[in-house]
Amino acid sequence: MSRSFGTSANPPFVSRSVFEALTVDDGEDVEDEQQEEETPLTQVTSNEHAKPSKNQIKKAQKQARTERRRQLKASSKAGTADSSPRHTPSLEESIERMDEVVADISPLPASHAAPELKPTAELQHEPAPQLEVAEPSLPEPVINGDIQHVNVAENNSTLHPLPSKLLDEKGQSVSIPDVEQALKSEPDPQEAERTKKRQSILTRTLWTFIMIGVFVALLLMGHVYMIMLAMLCQTLVYREVTALFSLKSHAPESGEIENKGKKDPWSKTLNWYFFAVTNYFLYGESIIYYFKHVIFSDGQLLPFATNHRIISFMLYTIGFVGFVMSLKRGFLKQQFGLFCWVHMSLLLIVVSGHFIVNNILEGMIWFWVPASLVICNDIFAYVWGMTVGRTPLIKLSPKKTVEGFVGAFWSTLLFSVLWGSYFMRFNYMICPVHDLGVSAWSNVQCTPNPVFVWKVWKIWSPLRVFLSQLLGKSVTVIPYAPYQLHLLVFAVFASLVAPFGGFFASGFKRAFNIKDFGHSIPGHGGMTDRMDCQFLMGVFTYVYYSSLIREHHVSVGSILQMIVSGLTVDEQLELMKDLRRYMQGQGITIV
């Protein structure tokens, strides 16, 4: 950015280029000049004008010479010197223009006032330079570069006018309106942050509805699809968690320097081998338990059912032996750390996923409603936190607020009763699975669990009178279903305890200095970021249901399991003859 002098009047602003007219060489060393402290020429303090002192003029001349030499060096290196001639002012013209500049500058403070300038003859010992080289263009049209020697008070809103022309990075002139327009077009940081926040909210909301839509569609399609969804989710979560531990960063142990930088070839293989074996054992147990009437009546599946546990143990033993054989000096600490990490992931993820699948098989409602409560709590915590949240809740998750936590608690309580009461009316939701081929459009029939049977609660006499007067009609009983009381328990757990699964995941992310576990869901991060609370809720639902709600009855499957596993073939034939004789005695013909 440069400014050329002609025969015009006072320059409209003060810049480093103004002093290039005083291109006088006093023979001093360049390095000493570059180390000189740059003293501001002017400081706006009052409305009275005062001329600069001789000392200030000398410093200004040195600064001008130093700047000229820097520009000459830059010009020689870049090879962009302008071949057009340039007018070199004489000493008298330089002094004259200096007086004009001083007249245009805001006055100095009284403490810096200096006597009148000495006559021109005192400066004639410095010869005028003869070298004529055009100024090279600077890389960017930075306006502040031309006014950096003029210090204006912070509270003073009056600035000197900008130069009429600037040079861009190609050396072409750029008008001031263009530069001002470019500066105005630059986005405001606060506005950019608000735009980014709105975009994040929009993306998060959109993908929330997409996930809910896919979830509902799979729910209507049948139990098989929900089981596949649960297995897919646990697989993605397991991959994201185990990917945090690797042997890439390695410090050699026991002097084994030759192993530095190498990677254990068994790391990922062992991860997924133990994952497959654990799933084989857990899901095999579920299939045998819920489909006894199919497994034990099929001769081809009978060896699988009777020998499932010993097969699972042998498969695990193979993986254990393979791990021990893969141990290498220099990798021992990392490999044992990987072994523990894998088993912790299997306990927290795969075992929890197994319980979620059991909830699906016990009745779709035991999976759908608890999962909905966690989603509801997450959404309302986000909404309340964004609107009224002010007080941080926990340091591990700084975006969580007390207001959002409390607001989500009451919202989830109300939502649980309304949501669960609606879905308990459908047999497809409350019946345990007996056929994996059913869907929401199938005619499912079963004897409902007693918790889904409506009952009446007789109101206490004083309360009965109060409610009757309040409502204007007689109120003696209140209908309810025991399941609604269980819903309140689920809602309390989903609001007060399940979020700590998310806090646990936040601590995980802070430990590894990551924002999200992955990027599989736009706006939500990885699958682990969405399933951290669901795993904890699924385990609680299964334990609560199996302890307080499930009815233990003798079933055909359990009797068949006892017959196949506890009786010999001769005893089984004898049982069949006795059973046939009994059926014929009841008038039932057996073909």
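These numbers come from a predicted model, not from an experiment.
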(request) To the nearest 0.5 angstrom, please state how far the OG1 atom of T278 sits from the OH atom of Y273. (result) 10.0 Å
(request) Would you check if the side chain of E571 reaches a backbone N or O of T568 as a donor-acceptor pair within less than 3.5 Å? (result) yes
(request) Assess the pair F215 and W368: is the distance between their ring centroids shorter than 6.0 Å? (result) yes
(request) State the CE-CD distance between M527 and Q534, to the nearest 0.5 angstrom. (result) 11.0 Å
(request) Report yes or no: does E240 contribute a side-chain atom to a donor-acceptor pair with the main-chain N or O of T528 at less than 3.5 Å? (result) yes
(message) Quick check for you: to the nearest 0.5 Å, what is the distance between L373 atom CG and C533 atom SG?
(response) 12.5 Å
(message) Under the criterion side-chain contact (heavy atoms from CB on, under 4.5 Å), I'd like the reasoning laid out for V456 against I478: C-alpha separation, chi angles, the key distance, then a yes or no.
(response) CA-CA 5 Å; V456 292; I478 295 178; over 6 Å; no
(message) With salt bridge (Lys or Arg N to Asp or Glu O under 4.0 Å) as the rule and sequence neighbours excluded, what pairs involving residues 337-363 come up?
(response) E362-R550
(message) Apply side-chain contact (heavy atoms from CB on, under 4.5 Å) to residues K400 and F503 and explain how you reach the verdict.
(response) CA-CA 9 Å; K400 298 290 190 299; F503 302 152; 3.7 Å; yes
(request) Answer with yes or no whether the side chains of S286 and N358 bring together a donor and an acceptor at under 3.5 Å. (result) yes
(message) Per the salt bridge (Lys or Arg N to Asp or Glu O under 4.0 Å) rule, what does the pair list look like for residues 274-291, sequence neighbours excluded?
(response) E285-R309
(message) Counting the benzene-type ring for Trp, do W454 and Y480 have ring centres under 6.0 Å apart?
(response) no
(message) Among residues at least two apart in sequence or on other chains, which ones pass salt bridge (charged side-chain N to carboxylate O under 4.0 Å, His left out) with R390?
(response) none
(message) The criterion is disulfide (SG to SG under 2.5 Å); which residues satisfy it with C376, sequence neighbours excluded?
(response) none
(message) Measuring from atom CD of Q234 to atom CG of L229, what distance do you get when rounded to the nearest 0.5 angstrom?
(response) 11.0 Å
(request) Would you name the heavy atoms of G420 and V369 that are closest together and state the gap between them? (result) CA-CG2, 4.3 Å
Expected list for residues 311-321: side-chain donor-acceptor pairs under 3.5 angstrom, two or more places apart:
| residue | atom | partner | partner atom | Å |
| --- | --- | --- | --- | --- |
| S312 | OG | H308 | O | 2.9 |
| Y316 | OH | H343 | NE2 | 2.8 |
| T317 | OG1 | F313 | O | 2.8 |

(message) Ring centroids only, cut at 6.0 angstrom: are F423 and W366 within range, meaning strictly under it?
(response) no
(message) Do N271 and L338 make a side-chain contact, defined as non-hydrogen atoms from C-beta onward lying under 4.5 Å apart?
(response) yes
(request) Kindly state whether the ring of F504 and the ring of F500 have centres lying under 6.0 angstrom apart. (result) no
(message) Check this for me: F512, atom CZ, are more than 12 non-hydrogen atoms of other residues, nucleotides or ligands nearer than 6.0 Å?
(response) yes
(message) Any non-hydrogen side-chain atom of L361 less than 4.5 Å from a side-chain atom of P432?
(response) no
(request) For the pair E551 (side chain) and N449 (backbone), establish whether a donor and an acceptor sit closer than 3.5 Å, ignoring hydrogens and angles. (result) no
(message) Nearest 0.5 Å, please: how far is CG in L579 from CG in L575?
(response) 6.0 Å
(request) Please report the shortest heavy-atom distance between V543 and S547, naming the atom on each side. (result) O-OG, 2.7 Å
(request) State which residues pass ring-ring contact (aromatic ring centres under 6.0 Å, His included) with F380; sequence neighbours excluded, sorted by chain then number. (result) none
(request) Look at atom CE of M228 and say whether more than 12 heavy atoms of other residues, nucleotides or ligands are closer to it than 6.0 Å. (result) no
(request) Please name the pair of heavy atoms, one in Q572 and one in L567, separated by the smallest distance, quoted to 0.1 Å. (result) NE2-O, 3.0 Å
(message) By the salt bridge (Lys or Arg N to Asp or Glu O under 4.0 Å) test, which pairs, at least two apart or in different chains, include something from residues 410-437?
(response) none
(message) Going by ring-ring contact (aromatic ring centres under 6.0 Å, His included), name the residues that satisfy it together with Y428, two or more places apart in sequence or in a different chain.
(response) H223
(request) Mind running side-chain contact (heavy atoms from CB on, under 4.5 Å) on L282 and V351 for me, showing each step along the way? (result) CA-CA 8 Å; L282 294 176; V351 175; 4.1 Å; yes
(message) Does atom OH (Y422) have a neighbourhood of more than 12 heavy atoms from anything else shown, all under 6.0 Å?
(response) no
(request) Just jot down the ring-ring contact (aromatic ring centres under 6.0 Å, His included) partners of F493, sequence neighbours excluded, or say none. (result) F540
(message) Quick one, S411 and F415 - any side-chain contact, counting heavy atoms below 4.5 Å?
(response) no
(message) Is the shortest side-chain heavy-atom distance between F508 and D532 below 4.5 Å?
(response) no
(request) Grab the two heavy atoms, one from A230 and one from I356, that are nearest each other, plus how far apart they are. (result) CB-CG2, 4.4 Å
(request) State, yes or no, whether a side-chain contact exists between L536 and V497 at a heavy-atom distance under 4.5 Å. (result) yes
(message) Determine whether a donor-acceptor pair (N or O, by modelled atom type, separation under 3.5 Å) exists between the side chain of Q335 and the backbone of K328.
(response) yes
(request) Using a 4.5 Å cut-off on heavy atoms from C-beta on, say whether the side chain of F367 contacts that of V357. (result) no
(request) Ignoring hydrogens and angles, tell me if any N or O in the side chain of T387 forms a donor-acceptor pair with the backbone of W384 under 3.5 Å. (result) yes
(message) With a 4.5 Å cut-off on side-chain heavy atoms, are L496 and F405 touching?
(response) yes
(message) For the CD1 atom of I459 and the CH2 atom of W457, what is their distance to the nearest 0.5 Å?
(response) 6.0 Å
Could you pull out every donor-acceptor pair under 3.5 Å between side chains of residues 437-446 and any protein atom, sequence neighbours left out?
| residue | atom | partner | partner atom | Å |
| --- | --- | --- | --- | --- |
| S439 | OG | W441 | N | 3.4 |
| S442 | OG | S439 | N | 3.0 |
| N443 | OD1 | Q445 | NE2 | 2.9 |

(request) Flag yes if more than 12 heavy atoms outside Y280 fall under 6.0 Å of its OH atom; otherwise flag no. (result) yes
(message) For L413 versus A491, what's the shortest heavy-atom pair and its separation?
(response) CD2-CB, 3.7 Å
List the atom pairs, donor and acceptor, that lie under 3.5 Å between side-chain atoms in residues 481-490 and the rest of the protein, sequence neighbours left out.
| residue | atom | partner | partner atom | Å |
| --- | --- | --- | --- | --- |
| Q484 | OE1 | A481 | N | 3.3 |
| Q484 | NE2 | S421 | OG | 2.8 |
| H486 | ND1 | Y544 | OH | 2.7 |

(request) Work out which heavy atom in V475 is nearest to a heavy atom in R464; give both atom names and the distance. (result) O-CG, 2.8 Å
(message) Strictly distance-based, threshold 3.5 Å: is any side-chain N or O of N307 a donor or acceptor partner for the main-chain N or O of P303?
(response) yes
(request) Please test T541 against M537 for side-chain contact (heavy atoms from CB on, under 4.5 Å), starting from the C-alpha separation and ending with a verdict. (result) CA-CA 6 Å; T541 302; M537 187 70 194; 4.1 Å; yes
(request) With sequence neighbours left out, write down each residue that passes ring-ring contact (aromatic ring centres under 6.0 Å, His included) with F275, or none if nothing qualifies. (result) Y238, W272
(request) Report yes if some heavy atom in the side chain of F209 is under 4.5 Å from a heavy atom in the side chain of T205; otherwise report no. (result) yes
